[in-house]
Every structure is written in structure tokens, then in C-alpha cells.
Amino acid sequence: MENLVTQIKRDRRIGEEIRGVVAIMTGLLAVLWGIEAIDAFVLGGSLDRLGVEPRQMSGLLGIFAAPFLHGDWGHIASNTVGIIVLGGLTMLVGRREFVWVSIVGMLVGGLGTWIFGRPAIHIGASGVVFAYFGYLLLRGWYDRRVGSIALATGVAFFHGTM
């Protein structure tokens with residue numbers, strides 16, 4: 001009987017964790033899609049000029065703005081898939097990890113684009129999505145636990161083939 005109670009409590013905690021992840025991801029995506037809707041319908045796409053412009057001092061602001069801006073509905077839809085799947089898996093590993101990977105992905109991706117990017121304005125959350133991808137792969141390598149290795153293998157197979 002005690003094992004059954006322990007199992008029910010564990011299942012309840014897992015359910016609460018998944019509901020928390022879904023709530024946070026829904027809020028994040030609502031912000032991203034809301035910004036795109038305002039930019040498209042109210043501002044006529046003018047926010048897109050706030051992206052990363054390589055090797056221009058004014059383009060440094062884009063490091064922080066670009067992940068929240070998208071060129072069109074197809075662009076934000078493709079990033080949404082990566083954010084939901086890879087970001088959700090990262091958040092299931094831990095919310096602190098999710099926040100850190102998101103921030104590091106934004107900074108490294110944005111700074112890398114600012115240093116090495118072609119002369120154009122770059123926008124989108126792809127750098128953050130690739131940070132989630134890299135984190136999940138490396139977690140399997142460094143943890144060397146069966147669950148982490150299985151997750152990394154699944155991520156590499158399913159997302160890596162897209």
C-alpha cells in the first residue's frame with residue numbers, strides 16, 4: 001500500500017511539473033506571437049530593423065531584441081516548433097537550466113552573428129533553439145546517465161534529421 005501511495009505522489013508531481021512547463025511555454029509563445037502580430041498588423045514590420053546588424057554599434061541592441069522578432073508567420077512558426085520541443089525538453093530537465101540556456105543562446109548566437117554575420121539585419125530565435133539542441137546533446141555526453149543519453153539520442157535523431 002505504501003508503494004502505491006508513493007507512486008501516486010510521484011505521478012502527481014510529474015503531472016504538476018508538465019503542467020508548469022506547458023504554462024510557461026504557452027506564456028513565452030504568446031509573447032513571441034503577440035510581438036509578431038503587433039509588428040505585422042500595427043507597426044508594418046518596423047520592429048524588424050531592431051535585429052542584429054553585424055559589426056555596427058547600433059546592431060548590438062539586436063543581440064537582445066532579435067530572438068523576439070521574426071520576418072514573417074512561417075519564420076515564427078518554424079521557431080515555435082523548436083521552442084516547444086527542444087525548449088520544453090530543456091525546461092523538463094530544469095527551469096534554471098532553461099533560463100541559463102536561453103540567455104547563453106541569445107548572447108552567444110547574437111554576438112556570433114554580430115561578429116561573423118553577413119551584412120544584413122538578422123532576426124529570429126534560431127540561435128536560442130540551437131542552444132537548446134546543443135544543451136540536450138551535451139547533457140547526454142556529460143551526464144552519462146541512461147535517461148540523458150536516451151534523450152540526447154532522440155533529440156539528435158528527430159531534430160537532427162529535420
Side-chain angles (χ1 to χ4, degrees), residues 10-43 45-52 61-114 117 120-162:
R10 187 174 69 220
D11 290 348
R12 195 171 288 152
R13 280 193 309 270
I14 291 170
E16 290 170 3
E17 183 65 26
I18 291 172
R19 281 191 295 280
V21 167
V22 168
I24 292 169
M25 296 304 286
T26 301
L28 172 64
L29 291 170
V31 168
L32 291 176
W33 281 82
I35 290 170
E36 183 59 28
I38 291 168
D39 188 36
F41 298 124
V42 178
L43 302 173
S46 65
L47 286 180
D48 294 349
R49 73 182 195 300
L50 298 176
V52 177
L61 172 65
I63 292 172
F64 304 101
F68 298 96
L69 305 173
H70 293 83
D72 57 32
W73 299 110
H75 185 200
I76 193 169
S78 65
N79 276 328
T80 296
V81 172
I83 290 169
I84 288 172
V85 174
L86 301 174
L89 289 170
T90 301
M91 192 179 297
L92 282 173
V93 170
R95 292 183 185 172
R96 183 176 307 167
E97 286 84 350
F98 175 80
V99 169
W100 279 109
V101 171
S102 299
I103 291 169
V104 169
M106 182 186 318
L107 293 175
V108 171
L111 194 56
T113 301
W114 189 81
I121 295 177
H122 301 266
I123 54 176
S126 297
V128 176
V129 171
F130 279 109
Y132 299 143
F133 179 70
Y135 170 77
L136 292 168
L137 290 180
L138 290 174
R139 184 162 177 96
W141 177 264
Y142 286 107
D143 274 358
R144 297 179 190 244
R145 292 189 332 228
V146 173
S148 295
I149 292 169
L151 179 60
T153 303
V155 165
F157 178 75
F158 288 109
H159 192 73
T161 58
M162 290 177 70

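Scope of the values below: all heavy atoms of this structure, side chains included, with no hydrogens, waters or symmetry mates.
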Closest approach of [X] to [Y] (non-hydrogen atoms, all atoms of both residues):
X: G51; Y: L69; result: N-CD1, 4.2 Å
X: A66; Y: V52; result: CB-CG2, 4.0 Å
X: P67; Y: G62; result: CD-O, 4.2 Å

Just to verify, what does [X] make a side-chain contact (heavy atoms from CB on, under 4.5 Å) with, not counting sequence neighbours?
X: A150; value: none
X: R13; value: K9, R10
X: D143; value: R139, R145, S148
X: F41; value: A37, W73

Show, in sequence, the C-alpha distance, side-chain angles and deciding distance for I121 and D48, and conclude whether the side-chain contact (heavy atoms from CB on, under 4.5 Å) test is met. CA-CA 8 Å; I121 295 177; D48 294 349; 5.8 Å; no
Rounded to the nearest 0.5 Å, how far apart are [atom1] of [X] and [atom2] of [Y]?
X: N79; Y: I84; atom1: CG; atom2: CD1; answer: 11.0 Å
X: I76; Y: I123; atom1: CD1; atom2: CD1; answer: 10.0 Å
X: R49; Y: L47; atom1: CZ; atom2: CG; answer: 7.5 Å

Taking the side chain as C-beta and beyond, is there a heavy-atom pair between M25 and V22 under 4.5 Å? no
Name the atoms and distances for all side-chain donor-acceptor pairs under 3.5 Å in residues 27-36, with sequence neighbours left out.
from, atom 1, to, atom 2, distance (Å)
W33, NE1, T80, OG1, 2.9
E36, OE1, H70, N, 3.4

Give the table of side-chain donor-acceptor pairs shorter than 3.5 Å for residues 85-109, with sequence neighbours excluded, one pair per line with atom names and distance.
from, atom 1, to, atom 2, distance (Å)
T90, OG1, L86, O, 2.8
S102, OG, F98, O, 2.7
S102, OG, Y132, OH, 2.7

